[in-house]
Amino acid sequence: MRISVIGCGYLGAVHAAAMASIGHEVVGIDVDQHKIDALSRGEAPFFEPGLPELLAEGIESGRLRFTTDIAAAAGAQIHFVGVGTPQQAGRYAADLTYVNAALDSLLPYLRPGDVVAGKSTVPVGTAAELATRVAPTGATLTWNPEFLREGWAVQDTIDPDRLVLGVPSGAAGERAAQLVREVFYPAVDKGTPFIVTDYATAELVKVAANAFLATKISFINAMAEIAEVTGADVTQLADAIGHDERIGRRFLGAGIGFGGGCLPKDIRAFAARAEELGKHESVTFLREVDAINLRRRDRAVQLVIDALGGSVFGKRVAVLGAAFKPHSDDVRDSPALDAAVRLHGLGASVVVTDPQAVENARRVHPQLSYALDRDDAVRYADAILLATEWDEYRREFAPAHASSLTHGRIVIDGRNALDPATWRSAGWTYHGMGRP
Ligand code: UGA
């Protein structure tokens with residue numbers, strides 16, 4: 001099938017490459033010439049395991065190309081729109097500028113029978129409004145939310161755990177659903193749940209999923225706060241409640257909290273939209289979820305201050321991790337970088353390291369010092385803050401080796417990823433988050 005993918009960021013670039021890998025003829029379109037040049041050379045403009053191989057294979061086969069020219073969308077049967085919907089400056093609501101611009105630029109190239117599949121995370125009600133603009137072209141608008149996780153994006157795109165499609169009622173909607181089913185044939189043939197619904201439900205599924213995940217993380221972080229004043233251990237608590245299948249252990253990792261380009265802005269945009277709909281009380285709890293999450297960053301910084309005797313001024317602090325989570329170079333709203341910046345602001349000499357995200361972190365926070373090598377970051381540190389649980393820090397960093405680099409012997413485990421007993425027996429003062 002001929003496919004166009006408009007927007008080649010984390011979502012669109014992976015989607016385009018994945019679609020080509022399952023045999024479709026794909027053109028990826030983006031306004032950013034720099035990004036298009038890199039993708040056309042088979043280079044991923046961001047770190048995503050498996051993506052470079054998929055790009056190379058697609059370009060080599062001739063099934064995948066990239067351009068800045070929106071006219072290249074002409075002739076495709078299905079047009080995926082995966083542009084960003086960031087938080088509006090100074091507001092909680094989502095900024096739909098890119099979605100509107102992408103759709104406006106696409107309209108002249110749509111033919112009757114074409115399908116437009118919106119993938120961007122949008123406030124509920126957006127698709128219905130966009131559909132009125134698509135209607136005169138004879139094309140059909142559908143909404144196909146994306147649930148991929150950064151770091152696992154290739155796998156999540158080719159083999160998702162469910163597919164959701166919002167369509168208009170009637171024959172056009174049914175035809176569009178059939179076409180989208182054919183696009184995702186490997187997953188559909190495998191029996192992956194394919195949920196065809198209305199626009200509003202499809203839009204809500206996406207924000208509800210992210211709101212639930214954020215709530216789960218903040219729930220366990222709230223328990224960490226209680227554990228901190230009672231001497232309980234939140235990781236054992238999470239293990240114990242996680243054995244209940246109705247609860248489940250995943251996303252009960254207490255620590256410095258969630259960040260990234262999705263969960264924080266999505267729960268805020270959801271709350272803003274609910275307010276517009278006159279239903280703010282239905283999601284008031286999301287404000288709490290957000291607040292609990294942000295308090296964990298304060299807590300991590302406070303643990304470093306306390307461990308260093310009440311002040312970090314003039315102290316050297318190594319921050320292990322800059323990305324918002326491992327297997328990603330994304331530093332958007334990263335708790336790790338946030339903590340690093342705050343410690344720097346309090347007069348600490350902060351050295352940040354990360355296996356993938358140093359370049360991105362340096363661009364946003366040039367005031368911090370960076371080390372590409374973990375050991376260089378840790379050398380002479382008075383304290384170490386583990387802020388992103390890369391294997392390099394959680395599994396492959398022996399306390400005996402750390403002791404050979406620094407005399408500080410203080411480790412703050414912002415992700416509860418280390419074994420406290422191992423570090424303590426090697427002479428380290430260990431502080432977890434919500435652990436005694
Ligand atoms: C999230 C969702 O998981 C995806 O399903 C969704 O498609 C995506 O947002 C999106 O909307 O595009 P992602 O932002 O890649 O994916 O990251 P997650 O794996 O969800 O992690 C989010 C944050 O939560 C990270 O900072 C992570 O460190 C933190 N986290 C995760 C915890 O603090 N504790 C946990 O137990 C799990």
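Order of appearance sets the numbers: ligands from 1, and atoms from 1 within every ligand.
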Closer than 4.0 Å to some heavy atom of [X] - which atoms of ligand 1 meet that?
{"X": "Glu150", "answer": "15 (O)"}
{"X": "Glu146", "answer": "7 (O)"}
{"X": "Asp266", "answer": "11 (O)"}
{"X": "Leu252", "answer": "36 (O)"}

Ring-face cation of Arg374 near Tyr393 (centre distance under 6.0 Å, axis angle within 45°)
no
Ligand 1 N/O within reach of [X] N/O, cut-off under 3.5 Å:
{"X": "Leu263", "value": "no"}
{"X": "Lys325", "value": "yes"}
{"X": "Gly260", "value": "no"}
{"X": "Cys262", "value": "no"}

Regarding [X] and [Y], do their side chains bring together a donor and an acceptor under 3.5 Å, going by distance alone?
{"X": "Asn221", "Y": "Arg295", "answer": "no"}
{"X": "Ser4", "Y": "His79", "answer": "yes"}
{"X": "Lys265", "Y": "Thr85", "answer": "yes"}
{"X": "Asp37", "Y": "Gln33", "answer": "yes"}
{"X": "Asp306", "Y": "Gln302", "answer": "yes"}

Determine whether the side chain, the backbone, both or neither of [X] has a heavy atom under 4.0 Å from any heavy atom of ligand 1.
{"X": "Leu148", "answer": "backbone"}
{"X": "Leu213", "answer": "side chain"}
{"X": "Thr121", "answer": "neither"}
{"X": "Arg415", "answer": "side chain"}
{"X": "Thr388", "answer": "neither"}
{"X": "Arg250", "answer": "neither"}

In the protein, which heavy atom is nearest to [atom], and how far is it?
{"atom": "atom 36 (O) of ligand 1", "answer": "Gly253 N, 2.7 Å"}
{"atom": "atom 2 (C) of ligand 1", "answer": "Asn210 OD1, 3.6 Å"}
{"atom": "atom 23 (C) of ligand 1", "answer": "Phe258 CB, 3.5 Å"}
{"atom": "atom 30 (N) of ligand 1", "answer": "Ile217 CD1, 3.5 Å"}

Pair Arg394-Asp413, salt bridge (Lys or Arg N to Asp or Glu O under 4.0 Å): steps then yes or no
CA-CA 9 Å; Arg394 69 185 296 175; Asp413 183 1; over 6 Å; no
Contact between Gly257 and ligand 1, counting heavy atoms under 4.0 Å?
yes
N-O pairing of [X] and [Y] below 4.0 Å:
{"X": "Asp104", "Y": "Arg133", "value": "yes"}
{"X": "Glu275", "Y": "Arg273", "value": "no"}
{"X": "Arg296", "Y": "Asp338", "value": "no"}

From the options His15, Lys119, Lys206, select the one residue that forms a side chain to side chain donor-acceptor pair (under 3.5 Å) with Asn144.
Lys119
Closest to atom 5 (O) of ligand 1 among Phe251, Phe147, Phe212, Phe324 (heavy-atom distance)
Phe147
When you compare the side chain of Phe47 with that of Glu359, does any pair of heavy atoms fall below 4.5 Å?
no
